[in-house]
Amino acid sequence: FACRVHGVWRLDRLVFDCGAPRLGALVELGQAKAARVALPALSFFPLFIFLKETLMSQKFRNFTLAAGLAVAAVVASVATPALAQPKDQFFPLLVYRTGAYAPNGVPFANGYADYLKLVNARGGINGVKVSFEECETGYATDRGVECYERLKGKNGGATVFQPLSTGITFALTEKAPGDKIPLITAGYGRSESADGQVFKWNFPLTGTYWGAADILIQHLAAKEGGFDKLKGKKITLIYHDSPFGKEPIPLLQERAAMHGFVLSLLPVAHPGVEQKATWLQIRQNRPDYVLNWGWGVMNSTALKEAVATGFPRDKMYGVWWAGAEPDVKDVGDGAKGYNALALQHGAEPNAAVVKEILAKLHDKGQGTGPRAEVGEVLYMRGLVAAMLAVEGVRATQERFGKGKWVSAEQARWGYENLNLTQAKLDALGFKGVMRPISTSCSDHQGASWARVHQWDGTKWNFTSDWI
């Protein structure tokens with residue numbers, strides 16, 4: 001039986017894992033039930049006489065006909081939903097194309113939509129076409145929940161949700177188990193949800209904020225010459241004062257205790273345009289490094305304030321949501337030298353999947369957004385997120401029927417048994433963009449690779465190997 005997936009029983013593929021019952025236990029249970037309904041041997045003779053007489057009666061023939069019709073009705077009622085299954089696999093999109101976070105939300109949404117269009121241009125998921133519908137959240141948790149409720153039952157039912165907000169993720173984590181709809185939170189959300197034994201419906205594929213914070217400290221330690229060299233160093237975290245910004249704090253506090261560096265925590269209120277008091281403290285404290293856990297306008301504001309206070313940008317490191325083109329372009333030369341994590345990929349203008357999208361969509365006027373953004377960091381982030389959603393369905397089809405529509409509950413099996421080898425990624429056009437991802441019942445993250453890239457004034461360049 002598939003790991004914690006119910007409602008579909010496949011006697012031709014009996015696989016016991018993740019706490020499934022023993023075969024022996026099933027046999028014993030069947031024997032016990034049989035024993036309870038056994039009849040004494042002598043009771044069968046009167047029963048035989050009754051059956052013989054009844055079989056000859058017209059009443060029994062009428063009863064047989066009625067029973068046959070009843071069985072046929074039951075079979076028809078069971079078969080009808082299968083015949084009425086939706087033709088398309090539905091992927092809802094929670095987006096924010098308006099508001100303070102739109103400059104970062106728009107390219108992600110465009111990349112996500114373009115990849116789903118590309119899937120259809122390629123023939124669908126083993127022939128099953130995909131459909132999608134956007135719902136504007138404005139990065140607000142209450143609006144995100146409203147969008148979830150509005151879309152979860154549309155077009156035959158949502159396959160999976162990607163909230164693109166840690167606050168919305170926290171809210172939907174309470175709803176997903178009851179609705180049996182998976183949540184993919186690639187590079188965001190609740191860090192502890194990587195534990196699939198506890199968070200059965202959450203999939204923080206490719207990375208969590210705890211992982212990001214740990215990778216940054218590893219990188220700084222290597223830069224200084226070892227973890228022992230961090231002792232006495234001053235590291236300041238400026239963070240978006242929200243669930244997103246607070247996620248790395250426990251990990252950083254633990255690392256500070258382990259390695260003896262001094263950690264300062266400076267929250268920045270939504271949306272992040274007012275940071276003068278924050279950077280006044282940084283100028284006074286003179287930290288060795290500043291970690292930027294920002295999103296949207298907070299990132300460019302931080303860089304502008306760093307320029308104003310004279311803090312060197314090459315001593316600043318952003319999380320992977322603080323290292324994209326909208327964060328640096330408006331700052332001009334002032335952003336030169338700024339570092340950020342890349343969630344596996346960075347800007348990938350030469351990737352095969354990017355060239356395919358340009359040829360099959362944008363050259364035909366079918367692209368979602370401007371051609372110039374295709375291949376940029378956040379566009380690629382949306383592209384990767386959509387690919388993960390689609391490949392989970394493809395994996396599910398291998399279990400429940402190739403070329404068939406799958407339910408959200410069935411799709412959970414696919415996300416929990418994802419096996420994106422390098423050969424598969426290369427075939428999808430992601431060669432050099434991503435490393436393999438493999439999930440399990442206990443590991444819902446699958447991979448935790450990142451690199452550091454640096455802004456040179458015009459483009460992002462990788463400055464580290466895989467970490």
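One is the number of the first residue; the rest follow in order along the sequence.
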* If you measure from the Lys or Arg side-chain nitrogens to the Asp or Glu carboxylate oxygens, is any gap between E146 and R143 under 4.0 Å? ->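 Salt bridge absent between E146 and R143.
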
* Asked: Less than 4.0 Å between a side-chain N and a carboxylate O, is that true for R399 and E416?
  -> no

Looking at [Y], is its backbone amide N or carbonyl O close enough to the side chain of [X] to form a donor-acceptor pair, meaning the two atoms are under 3.5 Å apart?
X	Y	value
E376	A324	no
W210	E247	yes
E136	R97	yes
Q162	L164	no
D195	Q197	yes
H453	G323	yes
W295	H240	no
Y148	P163	no
K424	N419	yes
R313	F311	yes

* To do: Answer yes or no: does atom NZ of K175 have more than 12 heavy-atom neighbours from other residues, nucleotides or ligands under 6.0 Å?
  =>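 Atom NZ in K175 is not crowded, with 12 or fewer foreign heavy atoms closer than 6.0 Å.
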
[X] vs [Y] side-chain heavy atoms within contact, under 4.5 Å:
X	Y	answer
Q344	V384	no
L341	I215	yes
F161	K152	yes
L343	Y188	no
Y101	V297	no
R190	F199	yes
Y112	R381	no
P92	N155	no

* Asked: Out of F462, Y338, W460, which one pairs with W455 under the ring pair (Phe, Tyr, Trp, His ring centres under 6.0 Å) rule?
  ->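 Result for ring pair (Phe, Tyr, Trp, His ring centres under 6.0 Å) with W455: W460.
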
* Asked: Which of these passes side-chain contact (heavy atoms from CB on, under 4.5 Å) with M387: L420, L118, V119?
  -> L420

* Asked: Can you list the steps and then say if L205 with L418 is a side chain to side chain contact (heavy atoms under 4.5 Å, CB included)?
  -> CA-CA 10 Å; L205 299 172; L418 203 59; 4.3 Å; yes

What is the distance from atom [atom1] of [X] to atom [atom2] of [Y], rounded to the nearest 0.5 Å?
X	Y	atom1	atom2	result
E305	T278	CD	OG1	8.5 Å
L216	I467	CG	CD1	8.0 Å
Y317	W293	OH	CH2	14.0 Å
L237	L252	CG	CG	6.0 Å
L291	L266	CG	CG	11.0 Å
T236	N292	OG1	CG	12.0 Å

* Asked: Is there a side chain to side chain contact (heavy atoms under 4.5 Å, CB included) between V433 and M380 once you walk through the steps?
  -> CA-CA 9 Å; V433 177; M380 292 301 299; 4.1 Å; yes

* Asked: Between E134, E133, E149, which is the residue that forms a salt bridge (charged side-chain N to carboxylate O under 4.0 Å, His left out) with K154?
  -> E133

Minimum-distance pair of heavy atoms, taken over all atoms of [X] and [Y]:
X	Y	result
N417	T439	N-OG1, 3.5 Å
G144	L94	O-CD1, 4.2 Å
R451	D465	CG-O, 3.6 Å
A121	K360	CB-CD, 4.5 Å
L151	C135	CD1-CB, 3.7 Å
P349	V354	O-CG1, 3.7 Å

Do [X] and [Y] have side-chain N/O donor and acceptor atoms under 3.5 Å apart?
X	Y	answer
N461	T463	no
T159	Q89	yes
N339	Q454	yes
N202	T173	yes

* To do: Please test E254 against I217 for side chain to side chain contact (heavy atoms under 4.5 Å, CB included), starting from the C-alpha separation and ending with a verdict.
  => CA-CA 11 Å; E254 184 66 24; I217 296 302; over 6 Å; no

* **R412 and E409: CA distance, side-chain angles, deciding distance, salt bridge (Lys or Arg N to Asp or Glu O under 4.0 Å) verdict** => CA-CA 5 Å; R412 196 193 75 84; E409 185 176 7; over 6 Å; no

* Validation row, ring centre F244 to ring centre H270 under 6.0 Å ->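 When the ring centroids of F244 and H270 are compared, they turn out to be at least 6.0 Å apart.
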
* Asked: According to the interplanar angle, ranging from 0 to 90°, do the rings of F108 and W321 count as parallel (below 30°), tilted (30 to 60°) or perpendicular (above 60°)?
  -> tilted

* Taking the six-membered ring for Trp, are Y115 and F430 parallel (under 30°), tilted (30 to 60°) or perpendicular (over 60°)? -> tilted

* To do: Report the C-alpha distance between L358 and K355 in whole Å, list the side-chain angles of each, state the deciding distance to 0.1 Å, and finish with yes or no for side chain to side chain contact (heavy atoms under 4.5 Å, CB included).
  => CA-CA 5 Å; L358 290 173; K355 294 177 181 178; 5.5 Å; no

* Under 6.0 Å from the six-membered ring centre of F261 and within 45° of its axis: does the NZ or CZ of R255 meet both? -> no

